Amino acid sequence: MPKLGLSGLKVLKILHLITACLWLGGAVGLYLIVFLLTKGDSAGEIYGYNIAGKLIDDLVIIPGAIGCLLTGLIYSLFSNWGFFKQRWLLIKWILTVYCVLFGTFFLGPKINNQPLIAKEIGLDALTNPTYLSHLGALTIGGLIQVCILIFMIYLSVFKPKGKPKNKVNES
Ligand code: HEM
C-alpha cells in the first residue's frame, strides 16, 4: 500500500481535526438544545428547538462523523499507523464505529421524529409519552456520545501504550 508523504500527512491531520471538531462541537450543541426542549412555552418554540437539533445533526454531526471515519480510514490505510498496531488506535476504531452505529440507529431516528411530533401536537408534546421517552433517551445517549468523543481526544493526544506483555507480572 503506498504511504502518504509529510505534506500529505499534515493535510490529513488538518482534515481529521476539522471533522473531529465538527463532530464534538455538533454533539455538544445538540446536547444543549435537547436540554432547552423542555423549556419551550409555545408550540412554535418547541418545534423550533427540535428542528434546530435536527439541522445540527444533519449538517454538522453527520458530516463530522463521516469525515472523521474516512480520515481515520485514510490514516490506517495510507500511513504507518496501521489499524491495530497500537492499542489506543484499536480502541479508537472500536469507539468510533460504536458511536457511528449508536448515532445512526438509536439517536438519529429519535432526532428526526421529534420535530414531526412537535409539529403535529404542539405543546401537548411536553406530556406525550413517546416524545418524553425520546427526550430521556437523547439526554442520556447524547451525554454518553459526548463523553466518548472527549475520551477519544484524550487517547489521541496521550496515546497510552498499555502494559507490554512481558512486563505484566513485574508490578
Ligand atoms: C476511525 C477512527 C479513527 C482513527 C483510525 C484515527 C486515527 C488517528 C491517527 C493515526 C492520528 C495521528 C496521531 C499523530 O499523528 O500523532 C489521529 C489524531 C487525532 N485524532 Fe483520530 N482517529 C480516529 C477517530 C477520531 C475521533 C472520533 C476523534 C475525536 C472526536 C479523533 C481525534 C483526534 C485528534 C484530536 C488527533 C490529534 C492528536 C495530536 O495531534 O496530538 N480521532 N487520529
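Order of listing sets the numbers, starting from 1, for every ligand and every atom in it. Since the structure is predicted, the reported quantities are computational estimates derived from the model, not experimental observations. Hydrogens, waters and symmetry mates play no part in the numbers below; they use all other heavy atoms, side chains included.
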By the salt bridge (Lys or Arg N to Asp or Glu O under 4.0 Å) test, which pairs, at least two apart or in different chains, include something from [range]?
range: residues 122-138; value: none
range: residues 127-147; value: none
range: residues 42-71; value: Lys54-Asp58

Does Trp23 reach the side chain of Leu69, with side-chain heavy atoms less than 4.5 Å apart?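 No. Closest side-chain heavy atoms not under 4.5 Å.
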
Decide yes or no for Leu116 and Tyr47: does some side-chain heavy atom of the first lie under 4.5 Å from some side-chain heavy atom of the second?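 No, every pair of side-chain atoms sits at 4.5 Å or beyond.
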
Tell me, with the steps shown, if Trp88 and Ser156 meet side-chain hydrogen bond (donor to acceptor under 3.5 Å, both in side chains). CA-CA 7 Å; Trp88 63 271; Ser156 314; over 6 Å; no

For ligand 1, run through the N/O pairs with the protein that fall under 3.5 Å and put one pair on each line.
{"unit_1": "ligand 1", "atom_1": "15 (O)", "unit_2": "Lys13", "atom_2": "NZ", "d": "3.3"}
{"unit_1": "ligand 1", "atom_1": "16 (O)", "unit_2": "Lys159", "atom_2": "NZ", "d": "2.9"}
{"unit_1": "ligand 1", "atom_1": "20 (N)", "unit_2": "His16", "atom_2": "NE2", "d": "2.9"}
{"unit_1": "ligand 1", "atom_1": "20 (N)", "unit_2": "Lys92", "atom_2": "NZ", "d": "2.7"}
{"unit_1": "ligand 1", "atom_1": "20 (N)", "unit_2": "Ser156", "atom_2": "OG", "d": "3.3"}
{"unit_1": "ligand 1", "atom_1": "22 (N)", "unit_2": "His16", "atom_2": "NE2", "d": "2.8"}
{"unit_1": "ligand 1", "atom_1": "22 (N)", "unit_2": "Lys92", "atom_2": "NZ", "d": "2.8"}
{"unit_1": "ligand 1", "atom_1": "40 (O)", "unit_2": "Lys13", "atom_2": "NZ", "d": "2.8"}
{"unit_1": "ligand 1", "atom_1": "42 (N)", "unit_2": "His16", "atom_2": "NE2", "d": "2.8"}
{"unit_1": "ligand 1", "atom_1": "42 (N)", "unit_2": "Lys92", "atom_2": "NZ", "d": "2.8"}
{"unit_1": "ligand 1", "atom_1": "43 (N)", "unit_2": "His16", "atom_2": "NE2", "d": "3.0"}
{"unit_1": "ligand 1", "atom_1": "43 (N)", "unit_2": "Lys92", "atom_2": "NZ", "d": "2.8"}

